[in-house]
Amino acid sequence: MSSVWPRVLVVVGSVFLVAFLGACESPDPADANVEPPPSHLDSLSTTVPPPADPGTPPALVRSQTLYVPAYSHIYLRDARRSTNLATTLSIRNTSTNVPITLSAIDYYDSNGEHVRAHLDTTRALGPLASTYVVVEVDDIRGGVGANFIVRWQAEAPVPPPVVETVMITGANTQGISFRSTARVLREDRVPATAVPADSVVSPDERP
């Protein structure tokens, strides 16, 4: 009887090994075209949409100068213990039909000293497009009072872009993440009444 158990254990172990290796295989590229799995939304009842209402035009702007808080590190418990953070500056053009032009993305430290210019020339950000800047986790020159100054402009009035920083770290098995949104320092704002309602184009109407 004792000689049977080793063979049984070998067989069972082989079965588990084959199953494990099969689960680790790379996914079949054809699976990318498979319909997504059902979601909780499928359990909601369908309705007939109400008549479309153009609503009130949003506040539109032609240009902005933005201050975006950032943190290259933060303190834990007291001022002697800190952890470094990786920072991602995210810039998202919310206009569905007008590109915006980025003219400056400057990084400053806690003393207000210029650390780095992330743009060497103007760059166009297309409708509904986004871009980003990364400050690596080991670059702590900015300090706890770091910030970005972002300047942009557009040829036509557009909804303001979404600009924010996301700070994250996974050091010491303790994950920390948070975000900071941009503050407007200056802007060329267009009164909503001066913009025709039909000038705001929805994504479905984009060419």
Can a donor-acceptor pair be found, under 3.5 Å and without considering hydrogens, that links the side chain of [X] to the backbone of [Y]?
| X | Y | value |
| --- | --- | --- |
| Asp139 | Arg141 | yes |
| Arg92 | Ser90 | no |
| Asn93 | Gly126 | yes |
| Thr83 | Tyr75 | no |
| Ser110 | Gly142 | yes |
| Ser177 | Ile168 | no |
| Thr94 | Pro160 | yes |

(request) List, by chain and then residue number, the residues other than Val150 in its hydrophobic cluster (Ile/Leu/Val/Met/Phe/Trp/Tyr, side-chain heavy atoms under 4.5 Å); write none if there are no others. (result) Val61, Leu66, Val68, Leu89, Ile91, Val98, Ile100, Leu102, Ile105, Tyr107, Val115, Leu119, Leu125, Val133, Val135, Phe148, Trp152, Val158, Val163, Val184
(request) Using the test ring pair (Phe, Tyr, Trp, His ring centres under 6.0 Å), find all partners of Tyr132 that sit at least two apart in sequence or belong to another chain. (result)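 Tyr132 satisfies ring pair (Phe, Tyr, Trp, His ring centres under 6.0 Å) with no residue once adjacent residues are dropped.
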What's the shortest heavy-atom distance between [X] and [Y], and which atoms?
| X | Y | value |
| --- | --- | --- |
| Arg80 | Asp78 | N-OD1, 2.8 Å |
| Ile149 | Leu185 | CD1-CD1, 4.0 Å |
| Ser180 | Pro69 | CB-O, 3.6 Å |
| Val144 | His73 | CG1-O, 3.0 Å |

Who pairs with [X] by side-chain hydrogen bond (donor to acceptor under 3.5 Å, both in side chains), at least two apart in sequence or on another chain?
| X | value |
| --- | --- |
| Glu164 | Arg179 |
| Arg189 | Glu187 |
| Ser63 | none |

(request) Sorted by first residue and then second, give each side chain to side chain donor-acceptor pair (under 3.5 Å) pair with at least one member in residues 111-123; sequence neighbours left out. (result)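 Side chain to side chain donor-acceptor pair (under 3.5 Å) check on residues 111-123 returns Asp106-His114.
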(request) Verify the cluster assignment for Leu76 and Met167: are they in a single hydrophobic cluster under the rule of side-chain heavy atoms below 4.5 Å apart? (result)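 Linked within one cluster.
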Can you find a heavy atom in the side chain of [X] that is under 4.5 Å from one in the side chain of [Y]?
| X | Y | answer |
| --- | --- | --- |
| Ile74 | Leu85 | yes |
| Gln64 | Pro161 | yes |
| Tyr71 | Thr87 | no |

